[in-house]
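Presented below is the structure to which this report refers.
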Amino acid sequence: MNIDEQLPVLEYPQPGLDIIKELTSPRLIKSHLPYRFLPSDLHNGNSKVIYMARNPKDLVVSYYQFHRSLRTMSYRGTFQEFCRRFMNDKLGYGSWFDHVQEFWDHHLDSNVLFLKYEDLHKDLGTMVEQLVRFLGVSYDKAQLESTVEHCHLLIDQCCNAEALPIGRGRIGLWKDIFTVSMNEKFDFVYKQRMGKSDLTFDFNL
């Protein structure tokens with residue numbers, strides 16, 4: 001199957017809701033929507049939600065590179081301007097700060113698994129085991145080890161693919177492009193927006 005049909009994005013017009021309705025359970029559906037805009041079945045606990053969060057400094061760098069790589073977006077501004085837009089909630093899907101906090105507010109819900117990108121790099125095996133338990137999938141040690149090994153191969157391929165900026169997936173990517181003043185401004189905004197939250201991120205590994 002085409003990847004967009006096998007793993008459709010809920011809010012995209014293509015392939016659309018008709019394709020999603022035709023998929024047999026258990027279905028895998030991607031979305032970038034805020035928690036409050038997800039279908040009521042998710043809010044009611046009838047479906048499972050896996051949320052992946054990434055530290056915002058690395059995320060904004062990767063997001064900038066992503067915008068520049070797509071013909072449909074063709075972003076040609078500077079990273080400094082892009083970062084200002086990010087801090088002021090002026091990019092697609094709105095505020096990162098509100099988005100991540102909304103899902104964090106539900107991270108103890110039985111049907112929500114809140115994962116951090118940095119934790120995958122620190123201990124992929126534990127994260128995969130946590131994931132399969134959440135999904136209720138039976139497995140043995142050999143299957144788990146095989147899955148982790150396969151994931152490591154995929155990560156290596158993605159991080160070294162010619163189609164992607166080298167290193168886009170590594171932790172601490174932000175240090176290659178943030179200036180001192182930009183980092184100070186970002187830290188100030190981050191503390192303002194997330195200072196009262198008990199959600200924390202690793203910015204370096």
Side-chain angles (χ1 to χ4, degrees), residues 7 28-32 34-35 48-66 69 79 83 86-87 93 95-178 180 182-184 186-191 193-205:
L7 195 58
L28 293 174
I29 304 168
K30 293 186 294 185
S31 179
H32 301 294
Y35 182 86
K48 294 187 177 183
V49 181
I50 301 167
Y51 185 81
M52 177 65 71
R54 187 178 185 182
N55 87 66
K57 291 182 181 180
D58 283 341
L59 183 139
V60 71
V61 175
S62 180
Y63 202 24
Y64 167 72
Q65 294 173 339
F66 177 72
S69 68
F79 174 71
C83 194
F86 180 86
M87 289 187 287
Y93 291 99
S95 169
W96 173 89
F97 303 97
D98 294 343
H99 198 292
V100 74
Q101 187 60 49
E102 273 191 22
F103 278 93
W104 181 247
D105 289 341
H106 293 275
H107 78 282
L108 295 179
D109 293 0
S110 61
N111 70 315
V112 175
L113 179 62
F114 190 105
L115 301 177
K116 297 179 186 178
Y117 182 81
E118 293 75 24
D119 291 340
L120 291 177
H121 282 256
K122 287 192 292 186
D123 191 350
L124 180 61
T126 297
M127 298 298 284
V128 171
E129 190 169 9
Q130 185 180 358
L131 178 61
V132 294
R133 284 179 178 174
F134 174 74
L135 294 174
V137 178
S138 59
Y139 64 96
D140 57 34
K141 184 178 179 180
Q143 290 173 317
L144 181 65
E145 291 176 350
S146 176
T147 301
V148 171
E149 181 180 357
H150 182 67
C151 288
H152 276 301
L153 290 174
L154 289 176
I155 291 170
D156 289 341
Q157 290 173 5
C158 289
C159 287
N160 295 298
E162 293 182 2
L164 295 173
I166 298 300
R168 198 174 88 181
R170 64 184 173 85
I171 313 301
L173 181 65
W174 62 273
K175 290 185 286 186
D176 293 342
I177 191 169
F178 271 59
V180 173
M182 187 186 304
N183 189 49
E184 291 174 348
F186 198 100
D187 286 345
F188 177 78
V189 173
Y190 182 83
K191 186 175 181 179
R193 303 290 296 274
M194 303 294 291
K196 295 182 180 180
S197 174
D198 59 346
L199 172 62
T200 60
F201 288 95
D202 291 315
F203 291 89
N204 303 283
L205 286 183

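- Remark: side-chain polar atoms of Asp58 are not paired, donor with acceptor, to backbone N or O of Ile171 under 3.5 angstrom.
- Between Asn183 and Lys57, the side chains place a donor N or O and an acceptor N or O closer than 3.5 Å (distance only, hydrogens not considered).
- Between the side chain of Asp140 and the backbone N or O of Ala142 there is at least one donor-acceptor pair closer than 3.5 Å.
- Among residues two or more places apart in sequence or in another chain, the side chain to side chain donor-acceptor pair (under 3.5 Å) test is passed with Thr147 by none.
- Nearest heavy atoms, Leu173 versus Ser62: CD2-N, 4.4 Å.
- Side-chain contact between Phe186 and Pro56 is present, with at least one heavy-atom pair separated by less than 4.5 Å.
- Residues passing the side-chain contact (heavy atoms from CB on, under 4.5 Å) test with Leu124, sequence neighbours excluded: Leu120, Val128, Val148, Cys151, His152, Ile155.
- When all heavy atoms of Val49 and Phe134 are compared, the pair lying nearest together is O-CZ, 3.7 Å.
- Note: Lys48 NZ to Asn111 CG = 9.0 Å, rounded to the nearest 0.5 Å.
- Taking the side chain as every heavy atom from C-beta outward, Cys83 and Tyr64 never approach each other to under 4.5 Å.
- Residues satisfying the side-chain contact (heavy atoms from CB on, under 4.5 Å) criterion with Glu145, sequence neighbours excluded, are Lys141.
- For His106, the ring pair (Phe, Tyr, Trp, His ring centres under 6.0 Å) test picks out Tyr35, with sequence neighbours left out.
- Under the rule for a side-chain contact (heavy atoms from CB on, under 4.5 Å), the partners of Leu59 that lie at least two apart in sequence or sit in another chain are Arg54, Phe86, Trp96.
- To the nearest 0.5 Å, atom CZ of residue Phe188 and atom CD of residue Glu184 are 12.0 Å apart.
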Tell me which donor-acceptor pairs under 3.5 Å the side chains of residues 196-205 have, and how far apart each pair is, sequence neighbours excluded?
from	atom 1	to	atom 2	distance (Å)
Ser197	OG	Gln101	OE1	2.7
Ser197	OG	Leu199	N	3.0
Asp198	OD1	Trp104	NE1	2.6
Asp202	OD2	Lys122	NZ	2.7
Asn204	OD1	Lys175	NZ	2.9

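- The shortest side-chain heavy-atom distance between Leu135 and Ile50 falls under the 4.5 Å cut-off.
- Residues forming a salt bridge (Lys or Arg N to Asp or Glu O under 4.0 Å) with Asp123 (at least two apart in sequence, or on another chain): none.
- Here the CG atom belonging to Leu131 is positioned 6.5 Å from the CG atom belonging to Leu115, to the nearest 0.5 angstrom.
- In this structure, Phe103 has its ring center at least 6.0 angstrom away from the ring center of His107.
- Using a 4.5 Å cut-off on side-chain heavy atoms (C-beta onward), Phe79 and Val60 make contact.
- Considering NZ of Lys116 and CG of Asn55, their distance stands at 10.5 Å, rounded to 0.5 Å.
- Residues Arg193 and Ser95 form a side-chain contact, since some pair of their non-hydrogen atoms from C-beta on lies under 4.5 Å apart.
- Partners of Asp105 according to the salt bridge (Lys or Arg N to Asp or Glu O under 4.0 Å) rule, which considers only residues two or more places apart in sequence or in another chain, do not exist here.
- Applying the side chain to side chain donor-acceptor pair (under 3.5 Å) test to Tyr51 and every residue at least two apart in sequence or in another chain returns His99.
- A search for side-chain contact (heavy atoms from CB on, under 4.5 Å) contacts involving Glu129 returns Arg133, Tyr139, Leu144, not counting sequence neighbours.
- Residue Glu149 qualifies as open at atom CD: its count of foreign heavy atoms under 6.0 Å is 12 or below.
- The shortest side-chain heavy-atom distance between Tyr117 and His121 falls under the 4.5 Å cut-off.
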